[in-house]
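Scroll down for the structure; my scribbles are underneath it.
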Protein chains: 2
Amino acid sequence: MEQPRPEAVLWPISEVAEHSRVSSRTLRHYDALGLLAPAHLGPNGYRWYGAPELRRLQRILLLRRLGLGLDVIGEVLQGQRDELEALRVHRGWLLAEQRRLETLAATVARTIHHLEQGETMNAQDLFEGFDNHSYEEEAIARWGRDTVRAAAARHAALDSSQRQAMAAEAAAINAELARCAAAGLKADDDAVQAAVERHWNWVSFSWTPEATSYVGLGQLYVEDDRFRAFYEKDGVDPEYLLAGMTVYAERRLN
Amino acid sequence: MEQPRPEAVLWPISEVAEHSRVSSRTLRHYDALGLLAPAHLGPNGYRWYGAPELRRLQRILLLRRLGLGLDVIGEVLQGQRDELEALRVHRGWLLAEQRRLETLAATVARTIHHLEQGETMNAQDLFEGFDNHSYEEEAIARWGRDTVRAAAARHAALDSSQRQAMAAEAAAINAELARCAAAGLKADDDAVQAAVERHWNWVSFSWTPEATSYVGLGQLYVEDDRFRAFYEKDGVDPEYLLAGMTVYAERRLN
DNA sequence: CTTGCGGTTGACGTAGCGTCAACAAGTACC
DNA sequence: GGTACTTGTTGACGCTACGTCAACCGCAAG
C-alpha cells in the first residue's frame with residue numbers, strides 16, 4: 001500500500017555521518033561489509049542514503065552500543081539469527097568477561113601488595129597451612145632477598161583455582177615419590193627422576209632455580225622442620241627427595 | 001662472583017615451550033619482539049635457551065597472566081618502567097573496564113526484557129515522569145505494534161547518563177521553540193526549522209520516522225493530553241511544533 | 001588557472017599470536 | 001646411497017572495527 005517514491009529524500013554520506021554521530025569511514029566500512037549499502041550511487045560514485053537506510057543504521061548502532069560484533073549484527077538484520085537469542089548469549093559473555101576482569105584485578109592487587117610489602121609479607125595464602133613467613137628468613141639467607149621476593153610475587157599472582165591445582169600437584173608428586181621409595185627405587189631411577197621433574201616444574205611456577213639453587217632447596221627440605229613435616233605427612237623422606245633432586249640437577253640443570 | 005658457564009644446559013625451543021606451557025610460535029614471537037632472545041643460535045638457525053632465559057620467560061608469563069601488554073612487559077623488564085606503577089595503572093584500567101562491562105550487561109538485560117515483554121512493558125524509565133504506558137496504545141494504533149516495540153527497545157538500550165542527556169536535550173529544544181514562538185517566527189523560519197531538526201534528531205535516538213510518521217507524531221502531540229502537558233509545561237504550543245514538523249517533513253523527509 | 005571542498009578507492013596499522021606454506025638439516029631405515 | 005620422518009627455520013595471511021594517511025577526481029568560486 002506504500003507509494004513507490006524512488007526520488008525520495010537522499011542524504012550524502014557526510015550528513016548521514018553527522019546525524020548519526022559516526023564517521024564517514026564507518027559508513028564506507030559498513031558498505032564494504034555489506035551491512036549497510038547506500039540507496040543510490042551517484043554517477044561520480046557518491047553514496048546517497050535514504051530514510052530506510054537511516055533506520056537500518058539506527059538498528060545497527062543500537063546493537064553496536066550493546067557490544068555485539070558486526071558479523072552478528074549482520075546476521076540479526078538478515079534474520080539468520082534470532083535477536084533475543086543473540087542478546088542472551090552476548091549478555092552471558094559480558095558477565096563472564098566482567099567476572100574474569102574482576103578476579104584479575106584482585107590478583108593484580110595481591111601482586112602489588114606482595115611487591116610493596118616484601119619485608120613483612122605473610123604467606124597465609126600458601127597452600128595447606130604451610131607457614132612460610134618464618135621459612136622466609138631461611139630462604140632469604142640462602143638465595144637472597146630479591147629472589148625470595150620475586151618468587152613470593154609470582155606465587156601471589158596465582159588465583160585460587162591455580163592454588164588448588166598446585167596443592168593437588170604437590171600431593172600427587174608426594175604420592176608418586178612415596179610409591180617409588182616403597183618400591184625401593186634408587187634416586188637415579190627413571191620413575192624417580194620423572195617425579196622429580198614434576199617437582200621441578202611445580203617449583204618453577206613460582207621460581208626457576210639454577211642447579212645449585214635447586215639442590216639448596218632440597219637441603220632446606222631436609223634441614224627445616226616445617227618442610228620435613230610437609231613431606232613426611234605424605235610419607236616422603238626429605239632425604240630421598242634431596243637425592244633425587246641432586247641427580248636431576250646434575251643431569252638436567254648442569 | 002658467578003662462575004662463567006658458557007656451556008651450561010641449553011634446551012631447544014620445543015622443550016622450553018612444553019615446560020612453560022606456551023607454543024613455540026609464541027617463543028619465536030617474543031624473539032621477534034626483542035622480548036626474549038635465545039641464549040644461542042645453532043649453526044642451523046635453531047634457538048637454544050638457557051636457565052636465565054627460562055627465568056626471564058617466567059617473569060614475562062607472570063605479567064602476561066595479569067593482563068599486561070607485551071610492550072609494557074618489555075619496558076618493565078628493561079627497567080624503563082616501574083613495575084609497581086605499571087601494575088597500579090593496569091589495575092585501574094581493569095576495574096574501569098569491568099564496571100563498563102557490568103553496566104553494559106545490565107543494559108543488554110533491559111533490552112532483552114523490553115523485547116520479550118513488548119506487550120506489558122511499562123515505561124517508568126522514560127524521562128521526567130512522562131508516562132507512556134498508556135500512550136502506548138495510541139502509538140500502536142498509529143504506527144503499529146512492531147514499530148512501537150522497536151522504539152521502546154531502543155529507548156531501553158540507553159543508560160542513565162544518556163537518559164539524562166535526552167531529557168536535557170528535550171528541555172533545550174522546548175526552550176528554543178518557546179523563544180521562536182515568542183519572537184513571532186513562522187513555522188518555516190530557519191530558526192524554527194533548526195529547532196525542529198534538533199527535535200527530529202532527538203526522536204531518532206529511539207525511532208527514525210518517515211515523513212508521514214513524523215507528522216503523525218506531531219498530531220499526537222496536539223491531540224494527546226499527556227503530550228500537550230509535556231510541551232505546555234515548557235511554554236511550547238504543540239500546534240506550533242506540529243506546524244514546524246510538517247514543514248520539516250515536507251522539506252527534508254519528502 | 002588555481003584553490004578548496006567533498007567525495008572516492010586503496011593500503012597500512014592495531015595485539016598477540018594461530019595457522020598454513022615452503023624449505024633445510026639431521027637421522028633412521030632399506 | 002636414496003627415502004621418509006622429525007624438528008626446526010623464515011615469511012605471510014588472518015582476526016576486530018575501524019583511524020589515518022595518500023593519491024586522485026569533479027565541480028564551483030575567486
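A note on names: the letters A, B, ... follow the listed sequences, proteins ahead of strands, and every chain is numbered from 1.
Contact between the side-chain N/O atoms of B:Tyr30 and the OP1/OP2 oxygens of C:dG16 is not found at any separation under 4.0 Å. Side-chain N/O atoms of A:Arg28 include none lying less than 4.0 angstrom from OP1 or OP2 on D:dC18. In terms of phosphate contacts, B:Tyr46 brings no side-chain nitrogen or oxygen within less than 4.0 Å of OP1 or OP2 of C:dG26. An OP1 or OP2 oxygen of D:dT9 is reached within less than 4.0 angstrom by no side-chain nitrogen or oxygen of B:Arg25.
At a threshold of 4.0 angstrom between heavy atoms, the contacts of A:Gly69 are confined to the sugar-phosphate backbone, with no base atom among them.
For B:Leu70 and C:dT14, the CG to P distance is 13 Å, given to the nearest whole Å.
Residues A:Asp71 and B:Ser24 each lie close to DNA chain D; by heavy-atom proximity, the contact nearer the 5' end of the strand is made by B:Ser24. Of the two residues near DNA chain D, B:Asp31 and A:His29, the one whose nearest nucleotide lies more 5' is B:Asp31.
Defined by atom type and a distance below 3.5 Å, a donor-acceptor pair is missing between the side-chain atoms of B:Tyr49 and B:His19.
No side-chain donor-acceptor contact under 3.5 Å links B:His199 to the backbone of B:Ile173.
Put simply, the side chain of A:Leu61 reaches to within 4.5 Å of the side chain of A:Ser20, judged on heavy atoms.
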Worked verdict on A:Glu176 versus A:Arg179 for salt bridge (charged side-chain N to carboxylate O under 4.0 Å, His left out):
CA-CA 5 Å; A:Glu176 186 70 25; A:Arg179 251 176 279 129; 2.8 Å; yes

